[in-house]
2 protein chains.
Amino acid sequence: MVENCNAPCCVNCETRWDNFNNLNEDDLNYVCENRHIAEFQPGEIIFKQGAPISSAVFLTKGIAKMYIEGFDNKRMIIGIAKQNKLIAGPGTYVDERHHYTVSALTDVTACFIKMDVLKGFVHTNGKFAEGWLKDISEKSLKTFYRFLSHTQKKMHGRLAETILYLADEVHGSDQFTMLLSRQELGELSGMAKESVVRILKDFNEDKIIDDKCPYIKILNKDRLKMISNMG
Amino acid sequence: MVENCNAPCCVNCETRWDNFNNLNEDDLNYVCENRHIAEFQPGEIIFKQGAPISSAVFLTKGIAKMYIEGFDNKRMIIGIAKQNKLIAGPGTYVDERHHYTVSALTDVTACFIKMDVLKGFVHTNGKFAEGWLKDISEKSLKTFYRFLSHTQKKMHGRLAETILYLADEVHGSDQFTMLLSRQELGELSGMAKESVVRILKDFNEDKIIDDKCPYIKILNKDRLKMISNMG
DNA sequence: TTTAAGCATTGATATTTATCAATACGCAGG
DNA sequence: CCTGCGTATTGATAAATATCAATGCTTAAA
């Protein structure tokens, strides 16, 4: 982890949290003063499940995986963190503990902002409070639907969904470098790593994707969507 | 559904939302004026997935099931609604639509409060906003852990967890009338109804529970907890 | 260049879980 | 008291999925 104190101010930040649009320039400068920036290398832990939440975390560069360490040392990856999003999770207003671990998948620059500062705005700025409610609600809904799909879809559907998630929500492209191992893909889609391998092979043979080691390309997105929807 | 306009005011309501403690008497009277009370019989739908959210809903009497209607007409029961809790879900600040259906399990009295009224308090009352954030966060966390257990636990663990949930969180007693059918227990714990039957039989034979048709009694709670924890 | 470590792949097998079909049970209406 | 209907139960079977073991592949350190 490397400190870096020469980052531009939040006022003009391109990668800041959407909800910061509800703050004025003075507010943003105040945020800036209570901020702390650090860099991480792939594999490094940004924060750890169970640790107290002192700061809100935002990524300004790179992506990270968020995972719960569950029973039996099994992990469940709940999503990929990226810029413009608050990464601090639902513990903030419950027990002030992180409920999942976040670790860098690429080189990551992360911005830590004292949680007390953000909590303060909730008291004085209704729009900001509303924005935060909206933020949590959206995440909650997403968790919901991932839950539903895990409960009701079979493996092919879940993996198709995961590939679409990576393409659409994480990389914004149908062709990207796969940063997750088979093990991690399994943790994200709820199956054993061997199952991931076999299903990717199926998708390859059916020319739905082209999976050449570190690169993956979606060849037949409609088909992939159909598989995802039908389970 | 039966209307009932002679209910006591929110100011002294015993079953009101915890977050109403952050409102003063004037606020509460205002809430009261924008309220609407109705009664439901078992099986009746209180609100429906996909319908627009115009009001926040609270139960003042009885319990109800909240379920998502998913792929293939399969249902996932996400929890049992009861008093003191906001039942309106995460759609409020996202798309103003209900994302699940709620239907009465017992005779239910429900209180509908115009959502605009509550949203208004968020702008003017920081404590109230914070309370709402806390409310959503808690629910979100619960969904999280249910998700985790569905992904990682096997059927016995999931059903044990469900029985503990019903005892501790819904009925507040280790002995209660089972209001859910085997089908519904399956929808709540993510398995086929036949599997519910078989596992309940196992638990009965092992003297962990005593399941006499409409009544159920936990005989060995430690054991049940262990099964729930170990998966 | 060799070696070791970790990840990916594959096949065989075991486990878990759902589905199907048949029957039993309980209860409301005639 | 019978009848029908929905739910519960049970057993047999099939499908889905995990686990285990062996092997190959890639890469980084010695």
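We name chains A, B, ... by the order of the sequence lines, and we start the count at 1 in each one.
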Notebook entry, point to check: Between B:Asn204 (CG) and D:dA8 (P), how many Å, whole number?
Noted result: 15 Å
Notebook entry, point to check: Expressed in angstrom and rounded to an integer, what is the separation of A:His156 atom NE2 from D:dA16 atom P?
Noted result: 9 Å
Margin query: Closest approach to the side chain of A:Lys154, judged atom by atom: which nucleotide of D:dA8, C:dT17, D:dT17 is it?
Written below: D:dT17
Margin query: Measuring from the side chain of A:Lys201 (C-beta onward, heavy atoms only), which nucleotide among C:dC7, C:dA18, C:dT10 has the closest atom?
Written below: C:dT10
Next item on the list: Select one nucleotide: of D:dT19, C:dT19, C:dA8, the one nearest the side-chain heavy atoms of A:Val197.
Entry: C:dA8
Item checked: B:Arg16 side-chain N/O to B:Cys10 backbone N/O, donor-acceptor pair under 3.5 Å -> yes
Next item on the list: Grab the CE-P distance between A:Met178 and C:dT9 for me, whole Å please.
Entry: 11 Å
Margin query: Does B:Lys193 reach a base, just sugar-phosphate, or nothing at all? Heavy atoms under 4.0 Å.
Written below: nothing
Next item on the list: Measure from CG on A:Asp202 to C1' on C:dT9 and round the result to the nearest Å.
Entry: 13 Å
Next item on the list: For A:Cys213 and for A:Met155, locate the closest nucleotide of DNA chain D by heavy-atom distance; then report the residue assigned to the nucleotide nearer the 5' terminus.
Entry: A:Met155
Checklist line | Spacing between A:Glu194 atom CD and C:dC7 atom P, to the nearest angstrom | finding: 13 Å
Check: OP1 or OP2 of D:dA18 sitting under 4.0 Å from any side-chain N/O of A:Ser195?
Finding: yes
Item checked: Length of the line joining A:Ile199:CD1 and D:dA16:P, which is rounded to integer Å -> 11 Å
Next item on the list: Inspect the contact between B:Lys142 and B:Glu169 and indicate whether a charged nitrogen and a carboxylate oxygen are less than 4.0 angstrom apart.
Entry: yes
Next item on the list: Can you label the angle between the A:Phe20 ring and the A:Phe58 ring as parallel, tilted or perpendicular, going by 30° and 60°?
Entry: tilted
Checklist line | Between P of C:dC7 and CG of A:Leu180, the distance in whole Å | finding: 13 Å
Notebook entry, point to check: So, B:Glu69 versus B:Thr101: side-chain donor-acceptor pair below 3.5 Å or not?
Noted result: yes
Item checked: B:Asp174/B:Lys225 ion pair, N-O < 4.0 Å -> no
Check: Roughly, in whole Å, what's the span from CG in B:Leu185 to P in D:dA8?
Finding: 9 Å
Check: Would you say A:Arg198 reaches C:dT10's phosphate, i.e. side-chain N/O to OP1/OP2 under 4.0 Å?
Finding: no
